[in-house]
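Quick notes on the structure that follows.
Given the structure is predicted, the values throughout are model-derived calculations rather than measurements. The sequence lines fix the lettering, A, B, ..., with proteins before strands; numbering per chain opens at 1.
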Amino acid sequence: MRSTLWPVAVALACAAGSAAAQKTPAQAIDEYRAMLADGNPADLFEAKGEGLWKQKRGPKNASLERCDLGKGPGVVKGAFVELPRWFADTGKVQDLESRLVSCMETLQGFDGKAIAKTEFGKGEMANVTALATYVAAESKGLAFNLPQAHPMERAFYESGKRLFFMRGGTHDFACASCHGEDGKRIRLQDLPNLTKNPGDGVGFAAWPAYRVSNGQMWGMQLRLNDCLRQQRFPYPEFGSDALTAISTYLGVNSKGAKSAAPTIKR
Amino acid sequence: MKKISITLLGLAIAAAVVGCGTLGAGADVDKLTQDMVRGAFRSEGIAKVERVTATDETLKLCSAADAAGKPLEPAVAKRIEADNLKTVKWPSDGKFLGDWKQGEQIAQSGRGQTWTDAAGQPNGGNCYNCHQISKEEISFGTIGPSLYHYGKLRGVADPNGAAARPVVEYTWGKIWNAKAYNACSNMPRSGHMGNLTEQQIRHIMALLLDPASPVNK
């Protein structure tokens, strides 16, 4: 008789315990965020990206191991925290994702324009995201240090700043509407102030990231795309100068902040 | 052979890209920025490219002021506010308040006006994204001030009475066109930009000003 009452007694004790120590919604959200941090599906995308970097693919049946991400052909470590930057061979300031597409085109023979028009999460665009996750992971813990030596790099910073403050759309939103002040949040989502260095692993230093809420891996191109969508802006083309300029502004502002990418988000 | 084709590709891309040349002057950066905007955005769904290429004077001036870190000259700000006040359409039947229960739903909803939204659907007010409103809703933003006890704090006992009229008119005007009272406000111009209908604004007015609304309890 006594042994069969054990589970009942335990159940009653647990019920009494949880009634006495009722979690506040804020506490519950903090616990959820702590749970998220344990095991990041981004690791799978990183592994996929590393495989794609080394695999011979495309019409030219070549790997990406000679791709120059700014620190010389094939140098991956440290490249992420110096992007966007100016590239002599294309004559453009490029961010990580557009630079990966350039390399896929020149080294492997893929059609860069077709990749740029491919939906996020599909086909070669999904491969670009995985590659970006891998390249970013190889700079984890390193401090952002975007070059500003070339006049175009400086011009893109200045244009990026103007774009950051550019109000538009049906709601008059600019990036700055949400990310222009300290200590603000939208609903319960804290918003980093991106007009200055927001600290290690925050803002520009947190993407690419795996988003739990939709089970998707997002690079910076998609992060900016969705910000602009919610700003009620028209559609920004993948790899466009405007997006590169905004990334340049964010990246230069993050100088000294340690990259935490790839991270995990709600 | 490979070298030549890469150079040609590079030249072709460089030619297609906005020229940089020797930039330094502010006017050049403005032009570069404008060229970037024209080159980057395309119309998609209901989000037309004019939303960034044809912004009005209010947005152009406020964007420039923000980027420069210098507020508008007071005289310019006053003129912008006056221009925006002229756009306010007062309720067609003289009724300022609707149903606070529907107002709460509109305040909770962030739907509408993005390129993934269908045309002809009712939009949400986005209000809780930036404001605290009722006591019960803990998921509120802090970009705008708290609106909890909005009517109560302003002593609105009878929203239809003469005493409350200035507050009622200000509140309607602020929701219709926030820039009428603060030239470079962060708040959207819900009536002026066609985000909310007259009836939807009446419901939000009730949420804020009806003594029976949970906001004022």
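Interface residue A:Leu228: backbone and side-chain heavy atoms are both found under 4.5 Å from chain B. Of the atoms belonging to B:Asn126, it is side-chain heavy atoms, and not backbone ones, that fall under 4.5 Å from chain A. Neither the backbone nor the side chain of B:Lys60 comes within contact range of chain A; no heavy atom of the residue lies under 4.5 Å from a heavy atom of that chain. Of the two parts of A:Ser240, only the side chain, counted from C-beta on, holds a non-hydrogen atom closer than 4.5 Å to a non-hydrogen atom of chain B. There is no contact between B:Gln132 and chain A, counting heavy-atom distances below 4.5 Å. Contact of B:Thr58 with chain A is not made at all, since no heavy-atom distance falls under 4.5 Å. For A:Asp190, no part sits under 4.5 Å from any heavy atom of chain B, backbone or side chain.
Between chain A and the options B:Cys184, B:Ala54, B:Ala65, heavy-atom pairs under 4.5 Å are most frequent for B:Cys184. Your options are A:Arg162, A:Lys161, A:Lys184, A:Gln189, and the one with the most heavy-atom pairs under 4.5 Å with chain B is A:Arg162. Most heavy-atom pairs under 4.5 Å with chain B, from the set A:Ala176, A:Ala245, A:Pro236: that is A:Pro236. Residue with the most contacts toward chain A among B:His192, B:His131, B:Lys179, B:Met187: B:Lys179 (heavy-atom pairs, distance under 4.5 Å). In terms of non-hydrogen atom pairs under 4.5 Å with chain A, the most contact-rich of B:Ser139, B:Gly141, B:Gly45 is B:Ser139. Among B:Ser63, B:Cys130, B:Gly112, the residue making the largest number of heavy-atom pairs under 4.5 Å with chain A is B:Ser63. If you tally non-hydrogen atom pairs under 4.5 Å between each of B:Asn129, B:Thr55, B:Asn186 and chain A, the highest count goes to B:Asn129. Comparing B:Gln113, B:Glu44, B:Arg42 by how many heavy-atom pairs each has under 4.5 Å with chain A, the most go to B:Arg42. Between chain B and the options A:Tyr235, A:Phe87, A:Phe164, heavy-atom pairs under 4.5 Å are most frequent for A:Tyr235.
Between the side chain of B:Asn195 and the backbone N or O of A:Thr170, at least one donor-acceptor pair lies under 3.5 Å. Although no hydrogens or angles enter the test, the distance criterion places no donor-acceptor pair under 3.5 Å between the side chain of A:Arg232 and the main chain of B:Ala47.
A:Gly169 and B:Met193 get closest at one heavy-atom pair: O-CE, 3.7 Å. Residues B:Thr33 and A:Ser159 approach most closely at OG1-OG, 2.9 Å, considering heavy atoms. A pairwise comparison of heavy atoms in B:Thr114 and A:Gln230 identifies CG2-CA, 4.5 Å as the closest pair. Residue B:Ile138 comes nearest to A:Arg185 through the heavy atom pair O-NH2, 4.3 Å, listed as atom of the first residue, atom of the second, then distance. Residues B:Trp115 and A:Phe233 come closest through the heavy atom pair CE3-O, 3.4 Å. Considering every non-hydrogen atom in both A:Ser177 and B:Ile143, the closest pair reads O-CG2, 3.8 Å.
Looking at heavy atoms from C-beta onward, A:Met166 lies in side-chain contact with B:Val37 at the 4.5 angstrom threshold. For the pair B:Tyr128 and A:Arg187, the minimum side-chain heavy-atom distance is below 4.5 Å.
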Item checked: Intermediate values then yes/no, side chain to side chain donor-acceptor pair (under 3.5 Å), A:Arg229 and B:Thr116 -> CA-CA 8 Å; A:Arg229 183 183 69 82; B:Thr116 56; 2.9 Å; yes
Next item on the list: In sequence, state the C-alpha distance, the side-chain angles, and the governing distance for B:Asp66 and A:Arg167, and then conclude on side chain to side chain contact (heavy atoms under 4.5 Å, CB included).
Entry: CA-CA 10 Å; B:Asp66 292 342; A:Arg167 304 180 188 213; 2.9 Å; yes
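Note that the CD atom of B:Gln34 and the CG atom of A:Leu163 stand 10.5 Å from one another [nearest 0.5 Å].
Residues of residues 112-120 of chain A never come closer than 4.5 Å to chain B when only heavy atoms are counted.
Within 6.0 Å of CZ in B:Arg111 there are 12 or fewer heavy atoms belonging to other residues, nucleotides or ligands.
Among residues two or more places apart in sequence or in another chain, the ring pair (Phe, Tyr, Trp, His ring centres under 6.0 Å) test is passed with A:Phe173 by A:His171.
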